[in-house]
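All figures in this text were calculated on a predicted structure; none of them were measured in a lab.
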Amino acid sequence: MGKEVFVLSKSQEFCLSLKKLQNFIVGDFLFFSNFENFVSFINSIPLDESKLLFIFEISPLICSYEKAIELIKKTSGSMSIVACAAKASVNNSMIAEFLNCGADDYWEIGMDERLLLAKLQAFIRRAERVEMLRSLKQVIFSEDKKICLDRREITLKILDKTGNYTPIQLTKKEADLLFLLISNENKVLNRNYLLECVWKDSSEDRNPQILDKYIQIIRKKLNSHGKRIKTLYGIGYKMEAKDI
Amino acid sequence: MTKVLIADDDSTFRNLVKEILSQNGFEVFCFEDGLNAWDFLQKEKADIAILDINMPGINGIELLIKIRENENLSLMPVMMLTVRSMVEDQISGYKYGADDYLPKPFDNDIFLAKVKVLERGIIQK
């Protein structure tokens, strides 16, 4: 699956420099999109896991970068954010502030293209490391610790009123699907993404309705926590981090 | 408390970095060469590593390579903090697996903010 880099900048030169980098990334990995304004960017964030990086220029286009960073983080928790600006337009304390607000890096517009590529590759590597580790994790908990998924034993464990976990047996596919939902709590997971991840090596019919069927089974097994899996009709599913 | 390893043979910078981080709630372990830093990393656990490049014994890039090749340490965020500020040096740092590269002398606020970014990115095994 491709990873997308979003660029919000008025500087055509900077966008062009970034676009040129696509030729150096192995495996047709990156797709760049330019956005004329912040609202069109937010509306274009895909509801799947293809997001990698958002590079935005500090400019009058964005009246408050603190709010902008907060909004991006809220919309896409896994997406890294890079603030960029022309050297003359920012000072050191502003750069420190971007980073303290939640930006993951600061890039200077006009920096050497080779360095730009090296920094971009560092982000890709980091994302791959996170992905690899996530796939290796065998036991995960929901944020409120009320749901535990043990992938070794293919068992779901639900915290009961006595403070003990009650085990419930799952099938491999149910565990794979629940793993994606728990490890991406509060994020919308696209239907196609879920089908691709869980049924990619399966000879089982990949009819989209099979996903709904499995969700129905998992909801039942989650008992009172089943309602935490929200349906976004025509889009996908989201697991609420807390039992409301 | 986040544990930060610092490997730098320049005592001025080592002490400055230690002071900035200690004052901001980090637990700091300082080493003046790469070999002792590597020994520490194999025995103890650090969450973040900040490495100078020019050091006796193992230099910062060699230490970075060892970290990335080690199964238990490969996910640790690493920042290169060095007087080597040429673009080629920075590219080489990133190429070998650095998460960030800050040339000396540095702005204290930017340095601290960058370490906090690395702290946010710590991956729990």
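- Of the atoms belonging to B/Lys95, it is backbone heavy atoms, and not side-chain ones, that fall under 4.5 Å from chain A.
- In summary, B/Lys114 and B/Asp100 engage in a salt bridge, as defined by a charged side-chain N under 4.0 Å from a carboxylate O.
- The main-chain N or O of A/Leu180 is found under 3.5 Å from a side-chain atom of A/Asn184 such that the two form a donor-acceptor pair.
- Using a 4.5 Å cut-off between non-hydrogen atoms, no part of residues 7-20 of chain B approaches chain A.
- A cation-pi arrangement is not found for B/Arg68 relative to B/Tyr96, the charged atom failing to lie both closer than 6.0 Å to the ring centre and inside a 45° cone about the ring normal.
- At least one side-chain heavy atom of B/Leu21 sits under 4.5 Å from a side-chain heavy atom of B/Phe111.
- At least one side-chain heavy atom of B/Arg84 sits less than 4.5 Å from a side-chain heavy atom of B/Asn54.
- Heavy atoms of A/Arg125 lying under 4.5 Å from chain B belong exclusively to its side chain.
- Using a cut-off of 4.0 Å between Lys/Arg side-chain N and Asp/Glu carboxylate O, B/Glu44 and B/Lys3 are scored as not salt-bridged.
- Of the atoms belonging to A/Asn92, heavy atoms from both backbone and side chain fall under 4.5 Å from chain B.
- In this structure, CG in A/Leu181 is found 11.0 Å from CG in A/Asp176, a value given to the nearest 0.5 Å.
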